[in-house]
Each structure stands twice: as C-alpha cells, then as structure tokens.
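Please read the structure below before turning to the comments.
Naming: A, B, ... by sequence-line order, numbering from 1 per chain.
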Protein chains: 2
Amino acid sequence: MYTYEYPRPSVTVDCIIFGLDNEDLKVLLIQRGQPPFQGSWAFPGGFVNIDEHADIAAKRELQEETGISDMYMEQLYTFSTPNRDPRGRVISIAYYALVKLSNFAKPQAASDAQRAEWFSVNDLPELAFDHQEIFDTAFQRLQGKVRYQPIGFELLPEKFTLSQLQNMYEIIIGKSLDKRNFRKKILRMGLLIDLEERQQGVPHRAAKLFKFDKIMYQKLEAEGFAFEI
Amino acid sequence: MYTYEYPRPSVTVDCIIFGLDNEDLKVLLIQRGQPPFQGSWAFPGGFVNIDEHADIAAKRELQEETGISDMYMEQLYTFSTPNRDPRGRVISIAYYALVKLSNFAKPQAASDAQRAEWFSVNDLPELAFDHQEIFDTAFQRLQGKVRYQPIGFELLPEKFTLSQLQNMYEIIIGKSLDKRNFRKKILRMGLLIDLEERQQGVPHRAAKLFKFDKIMYQKLEAEGFAFEI
DNA sequence: CTACTTAGCGTAAAAATGACACGAATATAA
DNA sequence: TTATATTCGTGTCATTTTTACGCTAAGTAG
C-alpha cells in the first residue's frame, strides 16, 4: 500500500498503431474483456510503472498486448480530462506508432487472451473511454506529419515500388496525386535507392523496387533540406 | 492522506512562455526559493489538482506565479524520465505559451514572492531539473510551427508593422529574409488588414500598421489554404 | 537645411508545379 | 499462339512561384 499526503492520478499510456494494407489505413484495437466498456474496443495500453519512462511503458504494453515490437513510435499527446475514465482519475500519455503491416498480419491474441483486430480508419467501431478523441488527434497528426517528414516509409515494406509509395500517400492524405509529377518529385529528392530489382509474382508488368535512403536523408536534413510531398 | 494499492507518480505542468522584444526572443524563468536546485532558474509550473484538466492547471499556475493570463498556449510534450526530479517520481506535462511582451514588461514577482525574469533564449542561465531539455523541445517546436501556422502574431502587439512582423520571423527562425519578397508573400495571402494608420513617435518615416485577420484565416483554412512563411 | 534612418516598391531570371496520354512489359485466358 | 487485361514508365509545355537585387520617398533630429 502506498500513502500520499495529496491525491494522485494514475498514469497510463495508450498506443495508436497504424498499419497499411493495399486499400486502407488501419489501426489496431483490442476488445475489452472487463468493465468498464466491456466488449467495446480500445487502443492497447496500460499503466506506467513507477520507475519507468513512458516511452518504455508504451513499447512494453504494445509488446505484451499485441506482440509487436521494433516499430516507429512517437509521443502524441497527453489526455487529462478529469472524467475520461469512470474508474477514477487517469491521465493518459498517448503514443502513435507506424508498422509494416506485412510483418504483423495476424496480431497475436495477446498474453491476456484479449481479441486484437485491425480496423480500417474509415470504419471504426464505437470506442471506449475518450479513445475516439485520441484517434482523431492521432490521425490528424499523421496526416499532417507524413507530408513533411519521411515517416510514411515506416508503413511500407523495406523494398517498395513507386506505385506503392504513391498509394500510401494517397490513402493517408485522402486525395489522389498525379503519377508522373509524383515520380518526378520524389526521385528528384534523391532519397530513394534504386535496387535494380523487380517485383515478383505480380500478374502484370513488374515494377522496380526502391528503398528509402536513411543515411542520405540525415545528411540532407543536416544541410537544411526539407522533405515535402 | 490518500492510499493506493500501487505507487503513483505526481503529475505537474511546466510552462515555457515566450515573449519577443525588438532584438530577442525571451522566456520567462523563476528563481527557485527552495531545494532542490535552490537559487537556480526553472520554468513556472506546479501540481495538477486531482480533478483538474492539465490545460487548466497550466493556466492557473501561470496566473499564480506570474500574473499572466489570456495568452496563446498549447501542450508541448510530456516528460517522464524516472529520475528527472530528485524528490520522487514526477511526470511533467509541458506547455508552451506565446505572449505579447509589451503587456507584461514587468512580470509580477508572483504570489509566493519568487523572482521572475525574462531571459533571452540565446543566453539562458543554468536550468533546474530537466528544464534545459524541455526548453530545447519547446524552442524546436516553436521554430517548426511558426512557419506553418500563424502563431507568430501572438508575439506581436495587436497592431504591427510589416518590419516588425518580418523581424519576428527572422529572430525565431534565425535567418534573415528578403524584405521585398517577404512583403509580397505575406500580403498576397490576404491575411493582413491594412489599418490605414501609422506608427507614432518613431524617429524616422512611420510605417503603416496592420492587423492579423483571424476571421479570414479561418475561412481560408477551411478551404484548404496552408499558411507558410 | 542637412544628416540619418526606415518605409515602400518592381522586374527579370530561374525553378517548381500542374495538366495531360500512350507505348512497353508481362501474365493469364482463350 | 494470340488476344486480353493490367500496370509500368516516361516528357513537354504553360503557368505559377520563388529568388535575387537597389533606389527613392518620407519623416525626425540636430
């Protein structure tokens, strides 16, 4: 038991994990096994341990609840509306993450046997707590950030075609781009390595594969280059 | 006394308040009256009450410690390194604020009689806790955001000249801009109202005064217009 | 009235953007 | 083997935007 002179909130982390399939941007949700909001869907998350950095807690919870590790993750926002959790005062530090969905097609049904499922961002079920607000914040952040930082690559496989890349931007930003102009623009940046390799097993002309050149990006960024789609 | 089954962190807010004088970007610091870090400087802040939204807490602390209210403020980041505060486990939700410095030339020496002072961001004293890291995060955020959102106006008086506006951007971004190009660009946006009024009491040709057109910005933003300097 | 300081303005070259369509490559089905 | 279906990969031109650049006008102080 722990006793304090003044009341203290609980602090949790919640993780919004985005993944991309060919048609949709998806997020991972977990079905709650217990009240409150039993049976409804929520983002994975849990308590921050007393001597744990919130970044670590977010990664730990994600690993525990979904088996996912080693992804791009960044802090999103901290939610502190007083009655956001009916069980008491809970402040949640939200994170969002981008994963290469191909690696995680079947999310593990988690250690504590909850159901985890990917949902299209365009077709979310009703969410527990204030998770709809958290989602809105995350999606807005992603839409804003993807255009000015090369984080979109985190959603694609290591090797990707220019069409896949364009498709990813179209799905996230929500409007279509001109193919020729897109290619000109992205290639001109010099951030893609042409792997001199082609797709396998597609039922049509195979496209060339590229890879994001992280080293080059760091170099250019240091010189003041600004990524922009 | 309050007793819990598991240990809980304290949660605080810290506020980085930026103000602009003609030569410098400044931040408001408070000299600590007690250990730890007695005598060194820190950002104003304090505990979040148990039923208080962190946004409210940030505004309240700022009002209490500096007398400042009614400013632009937004959440910055949440800092949770386990030993960031030697007194125990303290998680801090940091906010940054922009004020019209002219209104607050002399910060109130605060309710609890601490010394508050404006420091140039280029000449900060040693800061308490992890406040240097918090400052770095805030400054970086400001530098990034000022170019894509019209928040810079929050640092200027209601009525300002184009030179003052340009000067603000030069100070924050840290490089000089071409006068003619800057004017063309900003005027073309149609976000400035020409007040048909001139500066008073300057020892040289007086410049025209302008005002930021918030209504117009909201209208344009809704139509997909993107502010950019 | 002179000296000093800042305001206010336009043009031309270069670069980026936006609109637009078709032949090449490859797999599958007939 | 031939036809069909699908995606790949590419260039030009008009328009817009960005960049570079320097002088006169206006007003105050001495």
Are any of R180(A)'s side-chain N or O atoms less than 4.0 Å away from OP1 or OP2 of dC13(D)?
no
OP1 or OP2 of dT7(D) sitting under 4.0 Å from any side-chain N/O of S163(A)?
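Result: no.
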Of dC21(D), dA7(C), dA29(D), the nucleotide closest to the side chain of R198(B) is dA7(C)
Picking from dC20(C), dC8(D), dG8(C), which would you name as closest to the side chain of A207(B)?
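Of all the options, the side chain of A207(B) is nearest to dG8(C).
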Can you find an N or O donor on one side and an acceptor on the other, under 3.5 Å apart, linking the side chain of [X] with the base of [N]?
| X | N | answer |
| --- | --- | --- |
| R205(A) | dA25(C) | no |
| R183(B) | dC9(C) | no |
| K179(A) | dG9(D) | yes |
| K184(B) | dG8(C) | no |

For the pair made of [atom1] in [X] and [atom2] in [N], what is the distance, rounded to whole Å?
| X | N | atom1 | atom2 | answer |
| --- | --- | --- | --- | --- |
| F160(B) | dT6(C) | CZ | P | 20 Å |
| N181(B) | dT11(C) | CG | P | 14 Å |
| K208(A) | dA24(C) | NZ | C1' | 14 Å |
| F182(B) | dG10(C) | CZ | P | 18 Å |
| I229(B) | dT18(D) | CD1 | C1' | 14 Å |
| H204(B) | dG8(C) | NE2 | P | 11 Å |
| D194(B) | dA7(C) | CG | C1' | 13 Å |
| Q199(B) | dA26(D) | CD | P | 17 Å |

Would a line drawn from the ring center of F227(B) to the ring center of F225(B) be shorter than 6.0 Å?
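Centroid distance F227(B)-F225(B): not below 6.0 Å, so no.
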Can you check whether F129(B) and F43(B) have ring centres sitting under 6.0 Å from each other?
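Aromatic pair excluded; centres sit 6.0 Å or further apart.
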Ionic contact status for E74(A) with K145(A), cut-off 4.0 Å:
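A salt bridge is present here (some side-chain N lies under 4.0 Å from a carboxylate O).
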Applying side-chain hydrogen bond (donor to acceptor under 3.5 Å, both in side chains) to D136(B) and Q132(B), what does each step give before you reach the verdict?
CA-CA 6 Å; D136(B) 293 341; Q132(B) 182 65 48; 3.1 Å; yes
For the student: nearest non-hydrogen atoms of E65(A) and G45(A), plus distance
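Taking every non-hydrogen atom into account, OE2-O, 2.7 Å.
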Regarding K185(A), tell me which of base, sugar-phosphate or nothing describes its non-hydrogen contacts under 4.0 Å with the strands shown.
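The residue K185(A) makes sugar-phosphate contact but no base contact.
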